[in-house]
S.K.: 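Before we start, here is the structure in question, set down as structure tokens.
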2 protein chains.
Amino acid sequence: MNDRSDNTDPMARTSGSHSEITGPRLREAAQRLFARHGYASVTMRQIAAEVGVQVGALYNYIPDKQGLLADLMRAHLEELLAAWAAEPRGEGPLGALEAFTRFHIRFHLERPDAVFIAYMELRNLAPENFAGIEALRKRYETELEDILRAGQAAGVFDLPDTKLATLAVIAMLTGVTTWYRDAGRLSRERVAGLYWDMVRKAVAA
Amino acid sequence: MNDRSDNTDPMARTSGSHSEITGPRLREAAQRLFARHGYASVTMRQIAAEVGVQVGALYNYIPDKQGLLADLMRAHLEELLAAWAAEPRGEGPLGALEAFTRFHIRFHLERPDAVFIAYMELRNLAPENFAGIEALRKRYETELEDILRAGQAAGVFDLPDTKLATLAVIAMLTGVTTWYRDAGRLSRERVAGLYWDMVRKAVAA
DNA sequence: GTGTTATCTGAACGATCGTTCATTTCAATC
DNA sequence: GATTGAAATGAACGATCGTTCAGATAACAC
């Protein structure tokens, strides 16, 4: 009657099961659910249901719930830093700032769930996980701060407090994930352009 | 041996107990804990311990945990709208924008916990509570949007998309709560001034 | 086909959750 | 000082949590 994956009374390994499939699906399901409802509100059984598996099977892939969260956040931040490192910079501080702005908007709009988690779930990290992940976040901030300081030194920016300006710009840009929808009236390109307009003027000398 | 409030074996109403005291303390404790650890992670027993009472006593003051969250958020947003309504506006769109910016920074720095909750815990609201509270949040956004649109119409601002600009400015300003500490090197006045510098330039024609 | 390994089920564990309630004591009134 | 209502305790409820594990079955190597 059944051929694959929909046995009506499975008692053990199910047909078609594979770690190369279940592993990624677990991470995707967790990311989506954590972003939607928050880490603390999501149960392991919800994740398992989304994956299409019983809850015990999840522990073939993760040490525990906390480890799952930490892995998702670390992976996201490392991907963010690697992507920015590979991004072509423009000319001078102004070009670098434009590159950063457009990169930040684009990258974040492509991964709204991961961004949301990395930002909202810091307080749910165990101390031993928090330290390393917070350091990664800090490193990304420093990338922007370096650009702003260089521009300030070169006289193309007017920023009495580069640290504050860094945080202000990042907050402004990251906020895009809270409202942007692909079905909306603005394309991602256009949104990036509009944010760049505001950033450019805000820091201008 | 004991005089007040530290009976070693209390079995019922404790000495010094009063609803005018316990009620506010409950709300303060919940606000602090929700902001620090997140609504879903905080237990009623933690709140009770902070108040100095057993968990059952909390239900003399609240219908349930969800109602407590909704009340905190609604009260905060209503206070926000009332305070802005009572705030003196400056002259013209530019004056109004400066008034809004300085008000927003000041108000939010005075209540970091309430702000954090109103922003982070929207997804933990039951649908029946969400609608009304989201409407209040929206009304506050509209206050800024009206200012920006007026300035755009008057030609003092250059904003191709006022809706996007509204969200960008609010995100930038609200972000101040994530890093500002009173013990830091910048006064609240100075911070408000620095943010105003950036906002002013960002929207300028 | 046989044997080995990878993968999942089903059931259970103790802990903890939000909430309720009968009971007890304190505060207030007269 | 007796009476009444306000306020809190302590214990309990069923539900649900994260996690573990023995056993069962599919995938794969030979």
Side-chain angles (χ1 to χ4, degrees), chain A residues 2-27 29-30 33-34 37-71 121 124-126 129, chain B residues 2-27 29-30 33-34 37-71 121 124-126 129:
Chain A
N2 304 321
D3 45 272
R4 293 173 62 87
S5 296
D6 53 354
N7 195 329
T8 53
D9 185 24
M11 306 276 294
R13 179 167 190 173
T14 53
S15 66
S17 61
H18 254 297
S19 64
E20 293 88 356
I21 297 177
T22 305
R25 296 225 318 175
L26 159 56
R27 298 170 64 85
L33 289 170
F34 286 169
H37 309 292
Y39 168 78
S41 298
V42 173
T43 72
M44 297 304 288
R45 285 170 178 82
Q46 279 181 270
I47 299 174
E50 197 91 346
V51 176
V53 95
Q54 294 302 311
V55 64
L58 301 183
Y59 291 86
N60 292 330
Y61 302 92
I62 59 167
D64 48 33
K65 192 186 181 190
Q66 168 68 209
L68 171 57
L69 175 64
D71 272 357
E121 304 296 355
N124 282 314
L125 285 173
N129 294 326
Chain B
N2 303 321
D3 46 273
R4 292 173 62 88
S5 296
D6 53 354
N7 195 330
T8 53
D9 186 24
M11 307 274 295
R13 180 167 190 176
T14 53
S15 66
S17 62
H18 251 297
S19 64
E20 293 89 355
I21 297 178
T22 305
R25 297 225 317 175
L26 158 55
R27 298 170 63 86
L33 289 170
F34 286 168
H37 309 293
Y39 168 78
S41 297
V42 174
T43 72
M44 298 303 288
R45 286 171 178 79
Q46 280 181 272
I47 298 175
E50 197 90 347
V51 176
V53 97
Q54 295 301 313
V55 65
L58 300 183
Y59 291 85
N60 291 330
Y61 301 93
I62 59 166
D64 48 33
K65 192 187 180 188
Q66 168 69 208
L68 171 58
L69 175 64
D71 271 358
E121 304 296 357
N124 282 315
L125 283 174
N129 293 327

S.K.: Kindly state which residues belonging to residues 57-71 of chain A come within less than 4.0 angstrom of DNA chain C, counting heavy atoms of the residue only, listed by number.
M.R.: A:A57, A:N60, A:Y61
S.K.: Given side chains that start at C-beta, do those of B:R27 and B:Y61 come closer than 4.5 Å, heavy atoms only?
M.R.: no
S.K.: Would you mind reading off the distance between A:Q54 atom CD and C:dC8 atom C1', rounded to a whole angstrom?
M.R.: 9 Å
S.K.: Report yes if at least one side-chain N or O of B:T22 is closer than 4.0 Å to OP1 or OP2 of D:dA7; otherwise report no.
M.R.: no
S.K.: Calculate, to the nearest 0.5 Å, the distance between atoms CG and CG belonging to B:D71 and B:N129 respectively.
M.R.: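 It comes to 8.5 Å.
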S.K.: Over how many whole Å does the gap from A:I21 atom CD1 to C:dA6 atom P extend?
M.R.: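 Interatomic distance, CD1 of A:I21 to P of C:dA6: 17 Å.
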S.K.: Mind checking the NZ-OG1 spacing from A:K65 to A:T43? Nearest 0.5 Å is all I need.
M.R.: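 Reported to 0.5 Å precision, the distance equals 7.5 Å.
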S.K.: Could you give me the CA-CA distance, side-chain angles and deciding distance for A:Y39 and A:L33, then say whether side chain to side chain contact (heavy atoms under 4.5 Å, CB included) is met?
M.R.: CA-CA 8 Å; A:Y39 168 78; A:L33 289 170; over 6 Å; no
S.K.: Side chains of A:R25 and A:T22: does their closest heavy-atom pair fall under 4.5 Å?
M.R.: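 Contact flag for A:R25/A:T22 side chains = no.
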S.K.: Going by heavy atoms closer than 4.0 Å, what residues in residues 44-52 of chain A are next to DNA chain D?
M.R.: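 Close to the strand are A:M44, A:R45.
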S.K.: Could you give the angle between the helix axes at the two ends of the helix from C:dG1-D:dC30 to C:dC30-D:dG1, with five pairs per end, rounded to 10 degrees?
M.R.: 20°
S.K.: Working to the nearest 0.5 angstrom, can you tell me the gap between B:L68 CG and B:I47 CD1?
M.R.: 5.5 Å
S.K.: Apply side chain to side chain contact (heavy atoms under 4.5 Å, CB included) to residues B:L125 and B:Q66 and explain how you reach the verdict.
M.R.: CA-CA 7 Å; B:L125 283 174; B:Q66 168 69 208; 3.8 Å; yes
S.K.: Could you tell me whether a side-chain N or O of B:Q54 sits under 3.5 Å from a main-chain N or O of B:A48, the two making a donor and an acceptor?
M.R.: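 Pair absent, no side-chain N/O of B:Q54 close to backbone of B:A48.
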